[in-house]
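Below is one structure, written out as structure tokens, with a few remarks after it.
These values consider heavy atoms only, across backbone and side chains, with no hydrogens, waters or symmetry-generated copies.
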There are 2 protein chains.
Amino acid sequence: MGEIRVREVPRRYHHGDLRAALLEAAEEIIERDGVQALTLRAAARAVGVSHAAPANHFGDLTGLLSELAAIGYRRFAHALQAAKSSAEGSGERGAPAMGRAYVNFARQQAGMFALMFRSERLDMSRPSLRAAIDEARQALRDAASMRPKDAAPPSPLARAAEAVALWSLVHGFATLLLDGRLDGILSALPAGDDVDTLLAAILAPRHR
Amino acid sequence: MGEIRVREVPRRYHHGDLRAALLEAAEEIIERDGVQALTLRAAARAVGVSHAAPANHFGDLTGLLSELAAIGYRRFAHALQAAKSSAEGSGERGAPAMGRAYVNFARQQAGMFALMFRSERLDMSRPSLRAAIDEARQALRDAASMRPKDAAPPSPLARAAEAVALWSLVHGFATLLLDGRLDGILSALPAGDDVDTLLAAILAPRHR
DNA sequence: AAGCGAAGTTTACAATGTCAACATCGAGGG
DNA sequence: CCCTCGATGTTGACATTGTAAACTTCGCTT
């Protein structure tokens with residue numbers, strides 16, 4: 001397998017920007033070989049430093065995973081915000097656009113998504129991670145709460161239910177999809193239908 | 001912390017039913033300390049055998065995890081079937097009863113649920129696991145497809161969308177709940193409302 | 001110019017999965 | 001009845017990993 005280790009330059013004692021290099025290498029490992037393949041030593045090898053070097057920047061493995069997840073959440077937030085803007089521009093409802101963005105992010109950055117939502121080793125008390133998660137949550141909330149200016153505002157419970165229902169729906173779909181749990185259903189779909197049409201059908205007003 | 005190791009009897013060389021004992025100990029470890037705490041050696045310690053003994057029954061760690069997950073899926077299938085029967089008896093629609101059963105299983109056997117759906121180390125080609133998953137999928141399908149005998153049968157895409165939507169909804173809810181992602185929302189709920197009422201609101205016809 | 005502290009390295013240790021060689025024991029065939 | 005043979009356990013070993021401690025290098029500040 002990969003174990004890429006580029007290093008033409010003679011290797012100065014100090015790397016220059018090891019922190020960024022490690023995060024970059026870590027992401028590559030995660031996307032290529034999965035979250036469980038990301039070890040401190042593998043990341044160190046990938047950038048050509050000693051196995052204990054990462055400790056200077058991240059403390060322990062949890063630190064590296066958490067900082068990388070924070071990057072993922074910031075990207076995630078931007079993707080959701082972009083979906084909201086795009087939906088506003090085209091007059092579309094918020095939910096379908098948000099749902100597409102959510103699932104597309106999960107599909108295109110599967111390793112990162114798994115790290116963000118399935119890793120037991122994230123330190124949720126880390127400020128950078130908390131902030132990034134809040135950013136994403138805010139974006140999600142904004143996109144989801146785009147409602148046509150129609151009837152009376154719903155009760156607090158109904159409002160929470162609506163938000164949680166949409167989040168659960170798209171998150172469950174993304175999770176099941178990445179885990180291959182939908183493979184059987186997908187391959188049994190009529191010709192011309194695929195993940196995208198299935199998701200669209202799920203997010204269609206008819207179903208919500 | 002526990003590291004319980006009961007062993008009053010003098011320890012015969014052969015255990016008697018080590019396979020079952022290991023599975024039992026493994027489940028206890030998983031529920032008490034989480035999936036990542038389940039190691040071959042920890043399970044062996046818990047039942048008082050040598051660290052290499054489990055290999056005789058499960059091959060490797062993946063084998064133990066997979067067999068335990070198969071037990072979980074069989075239990076899960078039974079819980080869903082029971083929910084369906086109960087719904088049929090009371091004339092309730094299938095979806096809410098199934099959703100409750102799904103989420104309750106996840107809450108009451110959180111470690112097992114995590115093993116079943118979040119572990120990267122399950123061997124999906126293992127016949128016992130495949131069979132157990134199929135059993136659960138069938139039960140889920142049965143419960144979900146309970147529909148009032150009303151309008152015309154939907155198109156294949158719509159039918160798939162309906163099933164996947166329900167599954168995604170409850171699975172996403174369970175996953176987010178176990179990951180603590182709903183904690184903020186839950187604590188902001190009006191007095192008297194809790195997880196159950198929130199789930200009920202989500203599964204109410206209004207929302208589907 | 002000096003040296004101080006951040007950034008890297010080396011060494012070491014415990015835990016784990018896994019393999020190989022060996023020990024034990026019970027059941028079934030002579 | 002015994003005896004052997006295969007399943008079940010044990011011991012020992014090895015590579016990998018996270019992590020800590022002691023040491024080294026080097027850019028920046030005073």
Side-chain angles (χ1 to χ4, degrees), chain A residues 1-3 5-7 9-26 29-30 33-69 115 119-123 126, chain B residues 1-3 5-7 9-26 29-30 33-69 115 119-123 126:
Chain A
M1 305 304 176
E3 278 302 318
R5 182 216 300 226
V6 216
R7 190 120 317 262
V9 291
R11 265 289 291 295
R12 295 176 303 242
Y13 195 97
H14 287 103
H15 180 284
D17 195 0
L18 182 55
R19 183 190 158 89
L22 284 171
L23 287 170
E24 202 174 333
I29 292 172
I30 267 190
D33 303 322
V35 178
Q36 80 293 344
L38 174 51
T39 67
L40 279 179
R41 291 168 107 111
R45 273 194 300 271
V47 302
V49 296
S50 80
H51 65 261
N56 287 312
H57 299 275
F58 303 103
D60 56 7
L61 181 59
T62 295
L64 173 59
L65 295 174
S66 300
E67 290 302 322
L68 187 56
L115 172 68
S119 176
E120 299 94 2
R121 295 208 53 179
L122 298 187
D123 178 8
R126 199 169 267 250
Chain B
M1 297 301 167
E3 278 301 321
R5 183 217 298 230
V6 216
R7 189 115 324 254
V9 291
R11 263 292 289 294
R12 294 176 306 239
Y13 194 96
H14 289 102
H15 180 283
D17 195 0
L18 181 54
R19 183 190 158 90
L22 283 171
L23 287 171
E24 202 174 332
I29 292 172
I30 268 189
D33 302 323
V35 179
Q36 80 292 344
L38 175 51
T39 68
L40 280 180
R41 291 169 107 111
R45 274 194 300 271
V47 302
V49 295
S50 80
H51 65 260
N56 287 313
H57 299 275
F58 303 103
D60 56 7
L61 181 58
T62 295
L64 173 58
L65 295 174
S66 301
E67 291 301 322
L68 188 56
L115 173 68
S119 175
E120 299 93 3
R121 293 208 56 178
L122 297 186
D123 179 6
R126 198 168 269 249

* How does protein reach along nucleotides 20-25 of chain C, written 5' to 3' as B (base within reach of a heavy atom under 4.0 Å), S (only sugar-phosphate), or - (no contact)? -> ---BBS
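By the 4.5 Å heavy-atom criterion applied to side chains, A:Leu40 and A:Phe58 are not counted as neighbours. The side-chain heavy atoms of B:Glu67 and B:His57, taken from C-beta on, include no pair separated by under 4.5 Å. Side chains of B:Leu64 and B:Leu23 form a contact here, defined as non-hydrogen atoms less than 4.5 Å apart.
With sequence neighbours excluded, the residues satisfying side-chain contact (heavy atoms from CB on, under 4.5 Å) with B:Glu120 are A:Gln36, A:Arg118.
The line from OG of A:Ser119 to CG of A:Leu61 is 8.0 Å long, rounded to the nearest 0.5 Å. B:Thr39 OG1 to B:Arg45 CZ: the interatomic distance, rounded to the nearest 0.5 Å, is 5.5 Å. Annotation: the span from B:Leu115 atom CG to B:Leu68 atom CG amounts to 5.5 Å, rounded to 0.5 Å.
The CG atom of B:Leu40 sits 17 Å away from the C1' atom of D:dT11 (whole-angstrom rounding). Across the protein-nucleic acid pair, B:Arg41 atom CZ and D:dA13 atom C1' stand 10 Å apart, rounded to whole Å. Here C:dT16 presents its P atom at 12 Å from CG of B:Asp33, a figure rounded to the nearest Å. Remark: P of D:dC26 and NE2 of A:His15 are 15 Å apart, rounded to the nearest angstrom. Taking atom CG of B:Leu64 as the reference point, atom P of C:dT18 lies 11 Å away to the nearest angstrom. Atom CG of B:Leu18 is separated from atom C1' of D:dT10 by 12 Å (rounded to the nearest Å). Here the C1' atom of nucleotide C:dG17 and the CD atom of B:Gln36 are 17 Å apart, to the nearest Å. Going from atom CG of A:Asp17 over to atom P of C:dA6 covers 17 Å, rounded to whole Å.
Residue B:His51 places a side-chain atom within donor-acceptor reach of the base of D:dG12, judged by atom type and a 3.5 Å distance cut-off alone.
Closest non-hydrogen pair, A:Gly63 versus A:Arg126, comes out as CA-NH2, 3.3 Å.
Within residues 55-62 of chain B, the residues that have a heavy atom under 4.0 Å from DNA chain D are, in order of number, B:Asn56, B:His57.
In this structure a side-chain-to-backbone donor-acceptor pair under 3.5 Å is missing from B:Thr62 to B:Asp123.
Residue B:Arg121 is classed as a sugar-phosphate contact, given heavy-atom separations below 4.0 Å to backbone atoms only.
OP1 or OP2 of C:dT16 lies within a sub-4.0 Å distance of a side-chain N or O belonging to B:Arg45.
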